[in-house]
Participant: 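One structure is given below, represented as structure tokens, and several questions about it will come after.
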Amino acid sequence: MSLATIDGQRAALESGEITSVDLVQRSVAAINELQPVLNAFITVDAEAALAAAKESDARRSRGAAFGPLDGIPIAHKDIFCTDGLRTTCGSRMLENFVPPYDATVVARLRRAGLVNVGKTNMDEFAMGSSNETSYFGDVTNPWDTTRSPGGSSGGSAAAVAAGIVAGATGTDTGGSIRQPAALCGITGVKPTYGRASRYGMIAFASSLDQAGTLTHTAKDAALLLDAFCGFDPRDSTSLDSPMEPISAHLDDSLAGLKIGVAEAFYDDGLASGCRDSLELALDELRSLGASVTSVELSNLYLSVPTYYVVAPAECSSNMSRFDGIRFGHRAAGCTDLAELYTRSRSEGFGDEVKRRIMTGTYVLSSGYYDAYYLKAQRARQLISDDFARAFASVDIIVGPTTPTPAFGLGDKVDDPVTMYLNDIYTIGANLAGLPALSVPSGLVDDLPVGIQMIGPPLSEARLLNAAHRFQSVTDWHTRVPNVSTGDGK
């Protein structure tokens, strides 16, 4: 059994082959070894993790384990509030913020017995596609440490890809789970909007943000989603709908599954290697019994401009709470309120956050609301309608996750528009509130790439079934990087 996966660790714990303390010690040792290279973590909680692991081992020894995942180490993206452990959002603004409560996702995973070893690095307030906007420094890609792991959940993706933990949480606002999953060669899942609680998840764009998972396999993702998805009365956007275990349908046959592929995915920006990987993946899915047909997503090209009006507008509203008075960074030596506001926000926020705040404030301002924000919301509805029409004839939509493999650190950081285009295939699912995932589908120039699967609302089980069956006949998800050399094996 492989200790690289959550399912493998679960089996090893149940058989007594290994203890939770052993697993946590392995994770902490890996952090200590790889942190100088990857910079995947902001805060490591080794002492508390070992204490929790000892408690888990004691429960298991007396037959009182919380569940099958009890004792497995994971990491949380540093956007989820953790009781007594600082939560920075990768920003100077929250550098010393210690929440007095757990986010619902954190609390539910804790109740399942999973052990948090630390908080992973991320683009500041989840604003970025390369993990180069963090106040705590860039995260590097384990496959090639001169390249980006993707963002904004790049720290979680790098930690899983490098084998530090078998699973980690992330958040996805426009592709921030799926894009780093593809660039790091792992599986990333964004559930239906509202399926996972946003309570205690620090907001960037409230109508788009969604918690999800980064793991090696679709099966591991299903196990984690089963543990933390579900209705939460503390979140007004939480879906109050019945939910059977996602993991129950992983082995279902794909016979009769109807897959849609949109011509919009085959644009000029799609690298030939990514195109070839997608075609080979579709052949594998056909061999499993699925059929493939064309669908029309004629408004998908509007995704990027629509997103970069809607998301900054919501960012502008959400970031207004950080004013230097209630919590967060407070500038010293200010003589009046205006100076306190100005200096605290200027010092506390990085350039990308400031750029989005200013853009969002502009599109919401008097005289520009109708011209920009209202039109963007109309375009958002057109995109959503396209998906709804497509799902009237197909079960899932398959396409590329990213237009290229991982790009070099520094290559796009000074060109925001080029950086934003890296999310061109992932944003549509967020605008429409749909579940989507990325699974590894090949190597291009010795770097991993992924395919994306998108489903109608509440179709997580179907998506993960398709992903799991795909992984049963391919081995891309088993490839791991040699971090010291940047080579995969």
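Atoms considered below: every heavy atom in the structure, side chains included; atoms not considered: hydrogens, waters and symmetry mates.
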Participant: Check whether any side-chain N or O of Asn299 sits under 3.5 Å from a backbone N or O of Leu302 as a donor-acceptor pair, and report yes or no.
Facilitator: no
Participant: Thr82: which residues meet the side-chain contact (heavy atoms from CB on, under 4.5 Å) condition with it, sequence neighbours left out?
Facilitator: Leu85, Thr87, Asp102, Val106, Asn116, Lys119
Participant: Any donor and acceptor pair, going by atom type alone, linking the side chain of Glu314 with main-chain N or O of Ser206 inside 3.5 Å?
Facilitator: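 A pair under 3.5 Å: yes.
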Participant: For Ala157 versus Cys184, what's the shortest heavy-atom pair and its separation?
Facilitator: CB-SG, 3.9 Å
Participant: Can you tell me how far apart OH (Tyr368) and NZ (Lys375) are? Round to the nearest 0.5 Å.
Facilitator: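 If we round to the nearest 0.5 Å, Tyr368:OH and Lys375:NZ are 13.0 Å apart.
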Participant: Please tell me if the side chains of Ile424 and Tyr301 come closer than 4.5 Å, counting only heavy atoms from C-beta onward.
Facilitator: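 They are not in side-chain contact.
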Participant: Just by distance, no angles: are the side chains of Thr217 and His477 close enough, under 3.5 Å, to form a donor-acceptor pair?
Facilitator: no
Participant: Measure up the Tyr307 and Phe204 rings against each other and bin them: parallel (under 30°), tilted (30 to 60°), perpendicular (over 60°).
Facilitator: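 Plane angle over 60°, so perpendicular.
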Participant: More than 12 foreign heavy atoms under 6.0 Å from NZ of Lys219: is that the case here?
Facilitator: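 Atom NZ in Lys219 is not crowded, with 12 or fewer foreign heavy atoms closer than 6.0 Å.
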Participant: With heavy-atom distances below 4.5 Å as the criterion, would you say the side chains of Asn131 and Pro180 are in contact?
Facilitator: no
Participant: With a sphere of 6.0 Å drawn around CG of Asp351, does it hold more than 12 non-hydrogen atoms of other residues, nucleotides or ligands?
Facilitator: no
Participant: Answer yes if the side chains of Thr361 and Ser316 hold a donor-acceptor pair under 3.5 Å, and no otherwise.
Facilitator: yes
Participant: Less than 4.0 Å between a side-chain N and a carboxylate O, is that true for Glu279 and Arg275?
Facilitator: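 A salt bridge is absent here (no side-chain N lies under 4.0 Å from a carboxylate O).
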Participant: Keeping the roles fixed (side chain from His216, backbone from Thr478), state whether a donor-acceptor pair exists under 3.5 Å.
Facilitator: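 No, because the side chain of His216 does not come within donor-acceptor range (under 3.5 Å) of the backbone of Thr478.
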Participant: Go through it in stages, so that I can follow the logic: the residues are Phe322 and Phe125, the test is ring pair (Phe, Tyr, Trp, His ring centres under 6.0 Å), and I'd like the CA-CA distance, side-chain angles, deciding distance and then a yes or no.
Facilitator: CA-CA 12 Å; Phe322 302 108; Phe125 283 102; 5.1 Å; yes
Participant: How many angstroms lie between CZ in Arg389 and OG in Ser298, if you round to the nearest 0.5 Å?
Facilitator: 6.5 Å
Participant: Check the side chains of Thr120 and Asp78 for a donor-acceptor pair under 3.5 angstrom, ignoring hydrogens and angles.
Facilitator: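 No, no side-chain donor-acceptor pair sits under 3.5 Å.
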Participant: Hey, what's the ring geometry for Tyr425 with Phe265, parallel, tilted or perpendicular (30° and 60° as the breaks)?
Facilitator: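 If you compare the ring of Tyr425 with that of Phe265, the planes turn out perpendicular.
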Participant: Between Ser277 (side chain only) and Ser441 (backbone N and O only), is there a donor and an acceptor less than 3.5 Å apart?
Facilitator: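 Side chain of Ser277 to backbone of Ser441: a pair is present.
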Participant: Okay, side chain of Arg343, backbone of Ala332: is any donor-acceptor separation there less than 3.5 Å?
Facilitator: yes
Participant: Are more than 12 heavy atoms from other residues, nucleotides or ligands located less than 6.0 Å from atom OH of Tyr372?
Facilitator: no
Participant: Tell me, do Val117 and Val44 make a side-chain contact under 4.5 Å, heavy atoms counted?
Facilitator: no
Participant: For Thr133 and Asp123, test the side chains for any donor-to-acceptor distance below 3.5 angstrom and give the result as yes or no.
Facilitator: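 Yes, because at least one side-chain N or O of Thr133 sits under 3.5 Å from a partner of the opposite role on Asp123.
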Participant: What pairs with Phe391 under side-chain contact (heavy atoms from CB on, under 4.5 Å), at least two apart in sequence or on another chain?
Facilitator: Phe387, Val394, Ile397, Leu434, Ile454, Pro456
Participant: Just how far is it from atom CG of Leu431 to atom OG1 of Thr306, taken to the nearest 0.5 Å?
Facilitator: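 Interatomic distance, Leu431 CG to Thr306 OG1, rounded to 0.5 Å: 6.5 Å.
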Participant: So which heavy atom on Ala331 is nearest to which on Ser344, and how close?
Facilitator: N-OG, 3.0 Å
Participant: Could you tell me whether the side chain of Gln9 and the main chain of Leu3 form a donor-acceptor pair under 3.5 Å?
Facilitator: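 Yes: the side chain of Gln9 pairs with the backbone of Leu3.
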Participant: To the nearest 0.5 Å, how far apart are CG in Leu464 and CD in Gln471?
Facilitator: 9.0 Å
Participant: Indicate yes or no for a side-chain donor-acceptor contact from Asp411 to the backbone of Gly408 under 3.5 Å, with no hydrogens or angles considered.
Facilitator: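 Yes, the answer is positive, given that a donor and an acceptor are paired below the 3.5 Å cut-off.
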Participant: Any chance you could lay out the side-chain hydrogen bond (donor to acceptor under 3.5 Å, both in side chains) test for Gln179 and Ser438, step after step, and finish with the verdict?
Facilitator: CA-CA 8 Å; Gln179 184 246 23; Ser438 178; over 6 Å; no
Participant: Output the distance between atom CG (Asp414) and atom CD (Glu132), rounded to the nearest 0.5 Å.
Facilitator: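 Here the interatomic distance stands at 9.0 Å.
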Participant: Check whether the side chains of Thr145 and Thr140 place a donor and an acceptor atom closer than 3.5 Å, and report yes or no.
Facilitator: no
Participant: Is there a donor in the side chain of Asp7 and an acceptor in the side chain of Thr5, or the other way round, less than 3.5 Å apart?
Facilitator: no
Participant: Treating Thr418 as the side-chain partner and Lys412 as the backbone partner, does any N or O pair qualify as donor plus acceptor under 3.5 Å?
Facilitator: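 Not a single qualifying donor-acceptor pair exists.
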Participant: Using every non-hydrogen atom in the two residues, find where Ala264 and Leu297 come nearest and quote the distance to one decimal.
Facilitator: CB-O, 3.8 Å
Participant: Search all heavy atoms of Gly212 against all heavy atoms of Pro191 and return the closest pair with its distance.
Facilitator: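 Heavy-atom minimum between the residues: CA-CD, 3.9 Å.
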Participant: When you measure from the side chain of Asn422 to the backbone of Thr402, do you find a donor-acceptor pair of N or O atoms at a distance under 3.5 Å?
Facilitator: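 A pair under 3.5 Å: no.
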Participant: Can you confirm whether the side chains of Ser153 and Lys77 place a donor and an acceptor under 3.5 Å from each other?
Facilitator: yes
Participant: Can you confirm whether the side chains of Ser152 and Glu124 place a donor and an acceptor under 3.5 Å from each other?
Facilitator: no
Participant: Using a cut-off of 6.0 Å, state whether more than 12 heavy atoms not belonging to Asn32 lie near its atom CG.
Facilitator: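 Yes, enclosed.
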Participant: Taking Asp209 as the fixed residue, which of Asn318, Thr237, Asn430, Thr173 is the one that meets the side chain to side chain donor-acceptor pair (under 3.5 Å) rule?
Facilitator: Thr173
Participant: Do any N or O atoms from the side chain of Asn141 and from the backbone of Leu183 form a donor-acceptor pair under 3.5 angstrom?
Facilitator: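 Yes, the answer is positive, given that a donor and an acceptor are paired below the 3.5 Å cut-off.
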Participant: Any donor-acceptor pair under 3.5 Å linking the side-chain atoms of Gln381 with those of Asp385?
Facilitator: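 Yes, side-chain donor-acceptor contact under 3.5 Å.
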Participant: Just by distance, with hydrogens left out, do Arg178 and Gln452 show a side-chain donor and acceptor under 3.5 Å apart?
Facilitator: yes
Participant: Rounded to the nearest 0.5 Å, how far apart are CG of Leu300 and CD of Glu296?
Facilitator: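 Rounded to the nearest 0.5 Å, the CG-CD separation comes out at 10.5 Å.
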Participant: Do Glu347 and His329 pair up side chain to side chain, a donor and an acceptor below 3.5 Å, judged on atom types alone?
Facilitator: yes
